[in-house]
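Below, all heavy atoms of this structure are taken into account, side chains as well, without hydrogens, waters or symmetry copies. Bear in mind that the values here come from a model prediction, so they are computed numbers and not experimental data. Each chain gets a letter, A, B and so on, in the order the sequences are listed, and its residues count up from 1.
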Amino acid sequence: MKRLLPIFVVASTVFLSGCALLDVASEAGATIGQATGAITPGQAESIKRSAGAVSKAMEDITPEQEYYIGRAVAATILKTYKPFDKADANQYLNLLGQSLAAASDKPETFKGYHFLVMDTDEINAFAAPSGFILVSRGLIRCCKSESALAAVLAHEVGHVQCGHGLQAIDKGRLTSALTTLAVEAGKNLGGEQLAQLTTAFEGSITDITGTMVNSGYARKLEVEADKAAITILQRVGYDPNGLKAMLEEMGRRMQGGDHKGFAATHPTPDQRLKEIAPMLGAGTSPEPKARQDRFQGSVTGI
Amino acid sequence: MTRYRTALLLVLILVAGIALAAKPKAMSVQVQKCELRATPSRLAKVVAQAKYGDRLTVQETRGEWQKVATADGAATGWVHSTALTTKKIVLSAGSKDAQLAASSDEMAMAGKGFNSDVEKQFKDKNKDVDFTWVDKMETFVAQPEQMQQFLDAGGVTAAKGGAK
């Protein structure tokens, strides 16, 4: 029974949530490590315990705090990528994006989902926590229909829904920041505590933007975001094959091109196509003319 | 004797469980603005609004949607569960509850930790990070009826309900 218990814990954690990776990974790691004799039972316990503390710390990030993290991440990314200041395009992106976000598993964030076009030819997109989503002109050009663009936005909503940005925060940083909060939240913060919190905040922003811009999320998280995207598209009524069409076009555009940003931080379009293939129905439904017309009108100039 | 005591204990736990389940559940709004809707659907008409920290009484649950009543009972409507938390949210830092909230699992402090003060410090230390467009992004808001119109005009029809 004692041996069975960890397996049961792993299995039950997996079934609880499609997004709960942290617990699963550490539990599985601790169990396998112990079974193979790589670590002692005591060490295994300690790994599980500290993972528990981290998931607790993650829970302690309230939607309000996630919002401030998301704002700073988006502002930091906009240092490198300039906004595309065209009201029509941004309005269209928000109507579409917010319609999709409303159908996600996390329709409510502290101040909602907001979308912005980045003025760059590079194929790239970023989903900052709490729903600040940035999509490049280069990536929008990979979309030949509204369904394809919907797939791009739904993928980014998927990252927000699963909390992938927050997971990039260094665990130690989080616990130290939250210890400060736990002690000091009762009073107005003094100068020193505020300085300490700001350091933890800055560090968290660096962790997240560093992951998004340089190293990228683990392939597993990208697959998770693609899966979330397909579910969202189906709920709203877009053809999930839009994701396929977009990835195929992206694959063509990336060939020989210098798209270091996205290519370095995402699995190749081919890898993603392989992963999503079993989830897609056969045959693409044609886009109604009114929809195709408004799509083309809105992305003109992008 | 031991068996009897165990049985009694089990009965007690069961009774306590039923009592807890029967009590109407109060939840707090954990987002800045929470819309109460006429039906449990993402595009349903908004009938009332609640704000951050408001306590709402849950009357019914259907999937991820909860039918809630405002504290004064003046309004009822459907809210998605991601807008709510079981924790009591303490809004004012000076209150007695605030000190409890800091270390409690049942309560949370509004504005604790990463907040507008921290953002201000962050801006002071990172003058090259400009929040102008982030502020502008927050003004991009589509109303439910605009989304409905947008989807209708594009011939986008959902196979089944909204957010689950």
Side-chain angles (χ1 to χ4, degrees), chain A residues 60-65 67-69 71-72 74-76 78-79 83 90-91 94-96 98-99 102-112 114-116 132 146 177-178 180-189 194-195 197-198 200-202 204-205 234-238 288 290-291 294, chain B residues 30-34 42-43 52 64 79-85 93-94 98-103 108-119 121-122 125-126 128-131 133-134 136-142 144 146-147 150-151 153-164:
Chain A
D60 280 342
I61 301 182
T62 60
E64 187 183 9
Q65 295 194 71
Y67 161 78
Y68 283 105
I69 294 171
R71 277 176 58 85
T76 305
L78 287 173
K79 215 168 63 169
N90 284 316
Q91 198 192 353
N94 277 277
L95 260 174
L96 177 58
Q98 291 178 27
S99 300
S104 73
D105 282 352
K106 190 179 178 177
E108 301 274 359
T109 64
F110 194 66
K111 284 197 192 175
H114 308 283
F115 300 77
L116 180 67
F132 293 90
E146 190 170 290
L178 292 165
T180 316
L181 315 182
V183 179
E184 297 299 332
K187 358 173 181 152
N188 290 322
L189 289 173
L194 186 56
L197 262 179
T198 307
F201 184 72
E202 274 185 309
S204 303
I205 305 310
Q234 282 166 338
R235 281 183 192 158
V236 178
Y238 283 103
R291 194 196 299 174
R294 78 166 171 201
Chain B
Q30 62 171 351
V31 294
Q32 205 203 27
K33 207 174 69 187
C34 163
R42 68 198 149 86
L43 297 172
Y52 192 32
E64 288 299 311
V79 170
H80 194 272
S81 65
T82 46
L84 304 173
T85 172
Q99 265 140 54
L100 280 168
S103 56
M109 262 277 294
K112 79 163 183 177
F114 300 157
N115 56 21
S116 54
D117 287 346
V118 174
E119 183 179 292
Q121 290 275 313
F122 176 83
K125 284 172 79 179
N126 300 274
D128 56 336
V129 179
D130 185 356
F131 281 70
W133 270 91
V134 178
K136 209 175 264 189
M137 276 177 87
E138 286 190 20
T139 66
F140 301 157
V141 178
Q146 288 175 301
M147 295 189 220
F150 175 80
L151 295 173
V156 185
T157 32
K160 51 186 177 189
K164 65 163 186 155

Chain B interface, residue from A:Ala74, A:Ala290, A:Pro63 that has the most non-hydrogen pairs under 4.5 Å: A:Pro63

Portion of B:Val79 that has a non-hydrogen atom of chain A nearer than 4.5 angstrom: neither

Between B:Thr85, B:Leu84, B:Val134, the one whose heavy-atom pairs under 4.5 Å with chain A are most numerous: B:Val134

A:Gln98 (side chain) donor-acceptor with B:Ala142 (main chain) under 3.5 angstrom: yes

Part of A:Thr109 lying under 4.5 Å from any heavy atom of chain B: backbone

B:Leu151 side chain reached by A:Tyr238 side chain, heavy atoms, under 4.5 Å: yes

A:Leu96 versus chain B, the contacting section by heavy-atom distance below 4.5 Å: both

A:Tyr68 side chain near B:Val118 side chain, heavy-atom distance below 4.5 Å: no

Shortest non-hydrogen contact from A:Pro107 toward B:Thr82: CD-OG1, 3.4 Å

B:Ser81, part contacting chain A, at a heavy-atom distance under 4.5 Å: neither

Where A:Thr76 and B:Phe122 come nearest, the two heavy atoms and their spacing: OG1-CZ, 4.1 Å

Rounded distance [0.5 Å steps], CG in A:Leu78 versus CE in B:Met137: 7.5 Å

Residues B:Glu119 and A:Tyr67: side-chain donor-acceptor under 3.5 angstrom: no

Ring-face cation contact, B:Phe114 with A:Arg71, 6.0 Å cut, 45° max: no

Residue B:Asp128 versus chain A: region with a heavy atom under 4.5 Å: both

Among A:Lys111, A:Glu146, A:Gln91, residue most engaged with chain B (heavy-atom pairs, under 4.5 Å): A:Lys111

